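These numbers come from a predicted model, not from an experiment.
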Amino acid sequence: MSEILTIALSKGRILKDTLPLLAYAGVTPIDDPDTSRKLILDTNQADIKLLVIRASDVPTYVEYGAAQIGVAGKDVLLEHDGTGLYEPVDLKIAVCKIMVAAENGKSIDQPRIKVATKYVKTARNYFASKGQQAEIIKLYGSMELAPIAGLADCIVDLVDTGNTLKANGLSPVAHIADISSRLVVNKAAMKIRHVQIKQFIRQIETAVAKKK
Ligand code: PRT
Ligand code: MG
């Protein structure tokens, strides 16, 4: 048996959308991930385990090598500072957009604006690239409330159907980036365990292609 391959992913939509890809690659968890309270899931392959953690913690686990592989949204990766990660496969799951949104009818064409977001780095880079002065206000959730409550002029957040914005009287005013989840790999592991990891990556690539 080869060394254990540990794959970090988050509960919710990423786990839900990753399981079919893993199944194509011949990997299925033993316990039902929806009902299990375990944070480490054994799979039908004795040398593959899944870690179920916070979405924003996935790059950290992989960068430090506690997991060799992970699945993380590009939104999370854009905010992560590390350089210890390869990003070899776009899994084309959990697809959405990262956008600027403001109250219906309001323009963000002001010399200086307040932006509420969980995506501080992405927001800062975006407004800098536009040459627009922005005060970035860090929030941890429910961004949609910020313009309504008068905390900020606009938000930077993920948008899928647009229903959440709509329900809160907001409209998208700018598109920043298309988002999907990526397979990430620890750089040292890729070198040291090249054969095992390359083989896994190839299986996942095939699964992504087949799913289309
Ligand atoms: O645990 P933690 O809070 O760190 O992570 P999380 O709660 O963001 O995890 P989760 O499971 O909600 O999302 C994980 C990943 O899914 C994100 O990092 C994205 O890469 C991806 N994803 C894809 C989304 C969405 N689509 C999405 N629509 N994540 C969140 N949303 C939210 C969005 O923030 C907004 O509140 O859904 C709402 C908008 O959806 P619509 O359809 O109303 O536009
Ligand atoms: Mg959440």
Side-chain angles (χ1 to χ4, degrees), residues 1-36 38-63 65-80 82 84-99 122 158-163 175-212:
M1 194 180 88
S2 45
E3 235 182 306
I4 300 282
L5 196 61
T6 304
I7 304 170
L9 33 71
S10 55
K11 218 166 180 137
R13 64 194 99 205
I14 288 186
L15 180 66
K16 189 177 139 276
D17 291 358
T18 303
L19 287 178
L21 296 176
L22 288 173
Y24 269 121
V27 181
T28 50
I30 299 211
D31 293 313
D32 179 356
D34 285 330
T35 54
S36 173
K38 288 184 186 168
L39 301 177
I40 302 185
L41 298 175
D42 290 323
T43 71
N44 63 321
Q45 297 199 19
D47 57 353
I48 300 185
K49 291 191 193 306
L50 308 180
L51 298 187
V52 183
I53 57 182
R54 268 307 271 275
S56 41
D57 289 335
V58 168
T60 307
Y61 271 78
V62 177
E63 188 174 359
Q68 291 74 47
I69 289 176
V71 177
K74 185 67 185 176
D75 52 317
V76 168
L77 295 170
L78 287 170
E79 291 297 306
H80 186 74
L85 294 176
Y86 288 122
E87 209 184 290
V89 190
D90 182 349
L91 300 175
K92 303 192 168 109
I93 58 168
V95 173
C96 60
K97 296 178 278 285
I98 189 157
M99 303 189 88
T122 301
L158 302 178
V159 180
D160 178 16
T161 61
N163 290 339
H175 172 274
I176 300 181
D178 291 323
I179 300 295
S180 56
S181 295
R182 312 299 162 97
L183 197 76
V184 291
V185 179
N186 173 274
K187 281 193 175 169
M190 181 78 114
K191 227 181 258 166
I192 298 159
R193 296 167 64 176
H194 188 76
V195 173
Q196 185 189 23
I197 289 174
K198 255 280 146 46
Q199 188 196 340
F200 181 80
I201 291 174
R202 252 192 306 260
Q203 283 171 327
I204 292 295
E205 278 171 340
T206 307
V208 173
K210 263 205 228 161
K211 240 194 82 197
K212 267 203 289 194

Task: Residue pair Lys210, Tyr24: steps toward the side-chain contact (heavy atoms from CB on, under 4.5 Å) verdict - done: CA-CA 9 Å; Lys210 263 205 228 161; Tyr24 269 121; 3.8 Å; yes
TODO: Under the side-chain contact (heavy atoms from CB on, under 4.5 Å) rule, what do Leu158 and Asp75 come out as? Steps first, then yes or no, please.
DONE: CA-CA 8 Å; Leu158 302 178; Asp75 52 317; 3.4 Å; yes
TODO: Take Leu21 and Val208 through the side-chain contact (heavy atoms from CB on, under 4.5 Å) test and state the conclusion after the steps.
DONE: CA-CA 7 Å; Leu21 296 176; Val208 173; 4.1 Å; yes
Open item on the list: Could you walk me through whether Ile4 and Ile48 satisfy the side-chain contact (heavy atoms from CB on, under 4.5 Å) test, starting with their C-alpha distance in whole Å, then the side-chain angles of each, then the deciding distance to 0.1 Å, before giving a yes or no?
Closed with: CA-CA 6 Å; Ile4 300 282; Ile48 300 185; over 6 Å; no
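The closest donor-acceptor contact from the side chain of Asp160 to the backbone of Cys96 lies at 3.5 Å or more, if one exists at all. In this structure, the side chain of Asp47 does not engage the main chain of Leu5 through any donor-acceptor pair within 3.5 Å. With hydrogens and angles disregarded, no donor-acceptor distance shorter than 3.5 Å links the side chain of Lys211 to the backbone of Thr206. Checked by atom type and distance alone, the side chain of Asp178 never pairs as donor or acceptor with a backbone atom of Lys97 at under 3.5 Å. Side-chain atoms of Gln68 come within 3.5 Å of backbone N or O of Thr6 as a donor-acceptor pair.
Atoms CG and CD1, on Leu15 and Ile53 in that order, are 12.0 Å from each other to the nearest 0.5 Å. The distance from atom CG of Leu51 to atom CG of Leu39, rounded to the nearest 0.5 Å, is 8.5 Å. Once rounded to the nearest 0.5 Å, the distance linking CG of Leu9 with CD1 of Ile69 reads 11.0 Å. If you take OG1 on Thr28 and CG on Asp42, they are separated by 11.5 Å, rounding to the nearest 0.5 Å. To the nearest 0.5 Å, atoms OH (Tyr86) and CD1 (Ile201) are separated by 10.0 Å.
Annotation: side chain to side chain donor-acceptor pair (under 3.5 Å) contacts of Glu63 (sequence neighbours excluded): His80. Taking the side chain to side chain donor-acceptor pair (under 3.5 Å) definition, one finds that Asp90 meets it with Ser180, sequence neighbours left out. Listed by chain and number, the residues in a side chain to side chain donor-acceptor pair (under 3.5 Å) with Asn163 are Thr161 (sequence neighbours excluded). Partners of Asp57 according to the salt bridge (charged side-chain N to carboxylate O under 4.0 Å, His left out) rule, which considers only residues two or more places apart in sequence or in another chain, do not exist here. Residues passing the side chain to side chain donor-acceptor pair (under 3.5 Å) test with Ser56: none are found, sequence neighbours excluded. By the side-chain contact (heavy atoms from CB on, under 4.5 Å) test, Asp32 pairs with Asp34, Thr35, sequence neighbours left out.
The neighbour count for Ile40 CD1, taken as heavy atoms of other residues, nucleotides or ligands under 6.0 Å away, does not exceed 12. Annotation for Lys198: atom NZ does not count as buried by contact number, only 12 or fewer foreign heavy atoms lying within 6.0 Å.
Asn44 approaches Gly26 most closely through the heavy-atom pair ND2-O, 3.0 Å. Heavy-atom minimum distance, Gly73 versus Ile14: N-CD1, 3.9 Å. Contact record, Val52 with Ser10: CG1-C, 4.4 Å, taken as the closest heavy-atom pair. In terms of heavy atoms, Ser36 sits closest to Leu41 at OG-CD2, 3.8 Å. Listed here is the closest heavy atom pair of Ile98 and Ile179: N-CG1, 3.9 Å. Closest approach of Leu22 and Ile7 over heavy atoms only: CD2-CD1, 4.2 Å.
For the pair Leu91 and Ile204, the minimum side-chain heavy-atom distance is below 4.5 Å. Counting heavy atoms from C-beta on, the side chains of Leu85 and Val185 never come closer than 4.5 Å. Taking the side chain as every heavy atom from C-beta outward, Pro29 and Leu50 approach each other to under 4.5 Å. Side-chain contact check for Arg182 versus Val89: every heavy-atom pair is 4.5 Å or farther apart. Side-chain contact between Ile93 and Lys16 is absent, with no heavy-atom pair separated by less than 4.5 Å. Looking at heavy atoms from C-beta onward, Val71 lies in side-chain contact with Leu183 at the 4.5 angstrom threshold. Side-chain contact between Val184 and Pro59 is absent, with no heavy-atom pair separated by less than 4.5 Å. Using a 4.5 Å heavy-atom cutoff, the side chains of Gln45 and Thr43 are in contact.
There is a side-chain donor-acceptor pair under 3.5 Å between Gln196 and Arg193.
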